[in-house]
Amino acid sequence: MNRKLLVCMAPLLLIAGCGGEETPDLPGDPVKGKLAITAYGCGSCHVIPEIPGANGHTGPSLARIAKRTYLAGVLPNTPEEMVRWIRAPEMVDPRTAMPNMAVSVGDAHDITAYLYTLR
Ligand code: HEC
């Protein structure tokens, strides 16, 4: 492992871990995120506040998801990890029932921005 690289990255990791109660800075647009959630049909498996028809129970409710410590029980709940999960849940947990829905990077950022409004 490259020690120099590790040392250089440490401050970045610290910043990423210091979100606290603040809403993290996100590149996404929550209004577009709401539309994307409807378009991808996330609500067929999740209860999602303010999304019409989002009342599925295959997955957990996403109400107050911004307050969750872990995503899917394994990932620290940060915007980066949220995007990672939404785009490729099977890469995180090969046995998860959540399918890869080929969500684009931009849509994943918008969706994440919306989900972080659910506090
Ligand atoms: C076929 C059903 C299904 C669909 C469709 C689906 N999910 Fe999931 N989702 C799940 C399941 C099941 C889990 C629980 C995974 C686990 O804990 O391993 C989950 C977990 C999650 C989590 C973590 C929740 C938590 O409490 O930690 C998020 C966030 C999430 N999904 C977002 C989405 C988004 C956004 C979409 C649409 C792009 C979507 N899901 C579509 C089934 C689905």
Side-chain angles (χ1 to χ4, degrees):
M1 176 53 88
N2 183 334
R3 283 182 71 94
K4 202 168 169 194
L5 182 69
L6 261 181
V7 170
C8 293
M9 282 180 60
L12 289 176
L13 295 172
L14 279 176
I15 292 166
C18 290
E21 284 293 296
E22 299 293 311
T23 302
D25 279 336
L26 294 171
D29 174 346
V31 176
K32 283 200 227 156
K34 232 173 140 173
L35 296 174
I37 285 172
T38 305
Y40 284 102
C42 313
S44 62
C45 287
H46 293 286
V47 169
I48 313 172
E50 310 286 324
I51 305 288
N55 53 13
H57 288 285
T58 303
S61 164
L62 301 185
R64 310 198 73 208
I65 185 74
K67 295 281 191 191
R68 215 73 59 82
T69 305
Y70 290 101
L71 295 174
V74 289
L75 294 174
N77 188 1
T78 65
E80 291 76 20
E81 299 295 358
M82 178 79 87
V83 166
R84 186 151 88 100
W85 173 261
I86 290 170
R87 298 199 67 221
E90 81 287 359
M91 299 292 280
V92 176
D93 176 2
R95 301 185 65 206
T96 186
M98 178 156 152
N100 181 320
M101 304 179 73
V103 178
S104 70
V105 183
D107 287 345
H109 280 118
D110 292 341
I111 290 172
T112 297
Y114 178 70
L115 292 180
Y116 274 109
T117 68
L118 304 177
R119 309 182 67 83

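Counting starts at 1 for both ligands and their atoms, in listed order. The structure displayed is predicted, hence computed values, not measured ones. Hydrogens, waters and symmetry mates are skipped; everything else that's a heavy atom, side chains included, is used.
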Chemist: So, using side-chain contact (heavy atoms from CB on, under 4.5 Å) as the criterion, who are the partners of M101 when residues are at least two apart?
Modeler: Y40, P99, V103

Chemist: So which heavy atom on I65 is nearest to which on N77, and how close?
Modeler: O-ND2, 2.9 Å

Chemist: For atom 41 (C) of ligand 1, what's the nearest protein heavy-atom neighbour? Residue, atom name and distance, please.
Modeler: M101 SD, 3.5 Å

Chemist: With heavy atoms of M82 as the reference, note each atom of ligand 1 found under 4.0 Å away.
Modeler: 29 (C)

Chemist: Please report which non-hydrogen protein atom sits nearest to atom 25 (C) of ligand 1, along with the residue it belongs to and the distance in Å to one decimal place.
Modeler: R68 NH1, 3.3 Å

Chemist: Cluster question for you: counting only ILVMFWY and a side-chain heavy-atom cut-off of under 4.5 Å, with indirect links fine, are I37 and V47 together?
Modeler: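 Not linked; separate clusters.
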
Chemist: Run the numbers for me: atoms of ligand 1, each under 4.0 Å from some heavy atom of Y70, listed by number.
Modeler: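 What qualifies from ligand 1 is 27 (O).
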
Chemist: Taking T38 for its side chain and K34 for its backbone only, find out whether a donor-acceptor pair lies under 3.5 Å.
Modeler: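 Yes.
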
Chemist: Output the distance between atom CG (D107) and atom CG (D29), rounded to the nearest 0.5 Å.
Modeler: 11.0 Å

Chemist: How far apart are the closest heavy atoms of G28 and D110, and which atoms are they?
Modeler: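 Minimum heavy-atom separation between G28 and D110: CA-OD1, 3.4 Å.
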
Chemist: Heavy atom under 4.0 Å from ligand 1: found in P99's side chain, backbone, both, or neither?
Modeler: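 P99 to ligand 1: side-chain contact only, backbone stays beyond 4.0 Å.
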
Chemist: Check W85 against T96 and note the closest heavy-atom contact, atom names and distance.
Modeler: CH2-OG1, 3.6 Å

Chemist: With heavy-atom distances below 4.0 Å as the criterion, list the atoms of ligand 1 near T58.
Modeler: 12 (C)

Chemist: So which protein heavy atom does atom 16 (C) of ligand 1 come closest to, and at what separation?
Modeler: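 Nearest neighbour among protein heavy atoms for atom 16 (C) of ligand 1, to 0.1 Å: A72 CB, 3.7 Å.
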
Chemist: Suppose we screen for salt bridge (charged side-chain N to carboxylate O under 4.0 Å, His left out). Which residues come up paired with R84, at least two apart in sequence or across chains?
Modeler: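 With sequence neighbours excluded, R84 shows a salt bridge (charged side-chain N to carboxylate O under 4.0 Å, His left out) to E81, given in chain and number order.
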
Chemist: Consider only side-chain heavy atoms of I, L, V, M, F, W and Y, link residues closer than 4.5 Å, and tell whether V83 and I111 are in one cluster.
Modeler: no

Chemist: According to a 4.5 Å side-chain heavy-atom criterion applied to Ile, Leu, Val, Met, Phe, Trp and Tyr, with indirect links allowed, do Y114 and L35 form part of one hydrophobic cluster?
Modeler: no

Chemist: Which ligand 1 atoms, with their elements, are less than 4.0 angstrom from a heavy-atom of I111?
Modeler: 35 (C)

Chemist: What side-chain hydrogen bond (donor to acceptor under 3.5 Å, both in side chains) pairs are there with at least one residue in residues 43-59, not counting sequence neighbours?
Modeler: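 The answer is none; no pair qualifies.
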
Chemist: Using a 4.0 Å cut-off to any heavy atom of A97, which atoms of ligand 1 qualify?
Modeler: 12 (C)

Chemist: May I ask you to list the atoms of ligand 1 that are less than 4.0 angstrom from any heavy atom of L71?
Modeler: 27 (O)

Chemist: I'd like to verify the contacts: list protein N, O or S atoms under a distance of 2.8 Å from atom 8 (Fe) of ligand 1.
Modeler: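 Within the sphere that stays under 2.8 Å of atom 8 (Fe) of ligand 1, the protein atoms of type N, O or S are H46 NE2, M98 SD.
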
Chemist: Which of the numbered atoms in ligand 1 are under 4.0 angstrom from any heavy atom belonging to T96?
Modeler: 15 (C), 16 (C), 18 (O)

